[in-house]
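Beneath this line is the structure, given in structure tokens, with notes to follow.
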Amino acid sequence: MRRTYDRAVSRRALVTGIGGQDGSLLAELLLDEGYEVYGVVRRSAADYTNLAAIAGRIELIEADLNDHPALIAALERSRPHEVYNLASVSFVPKSWEEPVLTAELAAVGATSLLEAIRHVDAGMRFYQASSSEIFGEPLESPQHETTPLNPLTPYGVAKVYAHFITRSYRRRYGMHASCGILYNHTSPRQSVEFVPRKITAAAAAIKLGLQQELLLGDLSARRDWGYAADYVRGQWLMLQQDEPGDYVIASGQAHSVGDLVALAFGYAGLDWQEHVRVDESLKRGSAELHDLIGNPAAARERLGWHPDLTFERLVQLLVDAELEALAASPQPASSA
Ligand code: GDP
């Protein structure tokens with residue numbers, strides 16, 4: 001069933017969610033590796049800022065993840081060797097506001113894409129963007145590939161469906177289908193509603209006198225954060241293996257929101273206590289997840305993957321990028 005994989009021929013990849021942080025970083029990696037890159041987008045006319053640097057080097061195909069004939073047409077047009085499914089609602093609180101849309105995109109969308117691949121050519125390799133949210137309230141910590149799933153958020157529940165349907169297709173149809181269980185990862189391309197960008201954008205804006213204060217939720221909340229450019233390399237590596245599999249991609253270390261604040265403001269030469277206020281309405285209460293820490297040992301051993309950036313360097317990189325962006329166009333980023 002699985003076709004031989006000739007690395008000498010020029011390869012094509014199709015990426016859903018290509019306009020997002022991970023999609024655009026992955027597209028750049030694939031271009032560097034010599035791929036022809038196609039992206040599935042909902043509206044090809046939309047302004048994809050993250051794709052500005054590579055717009056002329058990729059082809060965008062308009063298709064909704066729930067439009068099965070459109071997905072088949074996209075696969076027939078691009079004939080990819082590798083398909084990366086990154087499209088989803090990504091901001092977890094939004095999944096409580098739009099649980100049905102979240103399920104349609106993340107759960108049904110993944111199924112629809114797997115079915116379309118099976119219809120067009122089951123030899124295409126498939127990557128499913130799974131997430132640490134599938135562990136929800138974790139039954140052990142740190143988590144690894146066989147930790148039982150216990151999702152809490154609509155996002156996590158939808159991602160569990162996609163995780164298991166990917167494994168079903170791997171087993172039932174012998175597809176080279178892999179799940180990357182990625183922990184929180186950030187970059188200057190992450191949307192500013194996520195806390196690493198929200199904090200570093202504010203630190204830069206306050207430093208330049210464009211903003212006075214920053215409102216945050218729970219400063220003691222902890223996450224295992226890494227650099228998105230390192231993490232998309234893990235996605236690609238999974239599809240270069242002879243056998244498909246599931247892999248945790250994480251730094252293996254958790255830090256608190258307060259640690260992130262102290263590092264970002266300290267690096268910008270500011271005293272965070274003068275600027276940061278806790279807003280109770282931004283706390284997640286019973287929807288908050290704790291103890292999400294990944295053990296990336298399998299990725300290290302089998303994929304040769306390891307994160308290149310330390311947490312401290314990551315925070316510095318984010319602050320530098322925000323300062324640079326503000327110097328070019330002094331508008332503080334709006335935040336959630
Ligand atoms: P998530 O892990 O995918 O939900 O990523 P986020 O960046 O949105 O949140 C990471 C952690 O930061 C969670 O534990 C949030 O509760 C916590 N947090 C604290 N204050 C804020 C805030 O003002 N905005 C966001 N987005 N998260 C916050």
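Remember, it's 1-based here, ligands and their atoms both numbered in the order they're listed. Keep in mind that the numbers below use all heavy atoms, side chains included, and drop hydrogens, waters and symmetry copies.
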- Message: Would you say Val89 ends up clustered with Val108 if hydrophobic residues are merged whenever their side chains have heavy atoms under 4.5 Å apart, either directly or through other cluster members?
- Response: no

Are Tyr227 and Tyr247 joined in one hydrophobic group, where the rule is that I, L, V, M, F, W and Y side chains link up if heavy atoms are under 4.5 Å apart? no

Exercise. Given the rule in the side-chain contact (heavy atoms from CB on, under 4.5 Å) test, do His119 and Glu115 qualify, once you have shown the distances and angles that lead to the verdict?
Worked result: CA-CA 6 Å; His119 179 88; Glu115 262 306 275; over 6 Å; no

Flag [X] as yes when one of its N or O atoms lies below 3.5 Å from any N or O atom of ligand 1, and as no otherwise.
X      : answer
Gly217 : yes
Trp225 : no
Val195 : yes
Asn184 : yes

Min over Glu193, Lys283, His290, Glu288 of heavy-atom distance to atom 26 (N) of ligand 1 lands on Glu193

Closest heavy-atom approach to atom 6 (P) of ligand 1 among Arg284, Arg222, Arg223, Lys198 is made by Arg284

Practice prompt. Tell me, please, whether Tyr173 has Arg118 positioned over its six-membered ring: NZ or CZ under 6.0 Å from the ring centre and within 45 degrees of its axis?
Written response: yes

Logged contact type for Val92 with ligand 1, heavy-atom cut-off 4.0 Å, is side chain

What atoms in ligand 1 come closer than 4.0 Å to a heavy atom of [X]?
X      : value
Asp218 : 19 (C), 20 (N)
Phe91  : 8 (O), 26 (N)
Pro196 : 7 (O)

At the 4.0 Å heavy-atom cut-off, does Ser90 count as touching ligand 1? no

Hey, is Tyr155 one of the residues with a heavy atom under 4.0 angstrom from ligand 1? no

Checking Arg197, Lys207, Lys198 against Glu322 for salt bridge (Lys or Arg N to Asp or Glu O under 4.0 Å), the one that qualifies is Arg197

Tell me whether the rings of Tyr231 and Trp305 are parallel (<30°), tilted (30 to 60°) or perpendicular (>60°).
perpendicular

Next item on the list: Evaluate the ring planes of Tyr35 and Trp236, with Trp represented by its six-membered ring, and classify them as parallel (under 30°), tilted (30 to 60°) or perpendicular (over 60°).
Entry: perpendicular

With sequence neighbours left out, the residues meeting side chain to side chain donor-acceptor pair (under 3.5 Å) with Ser251 are Asp224

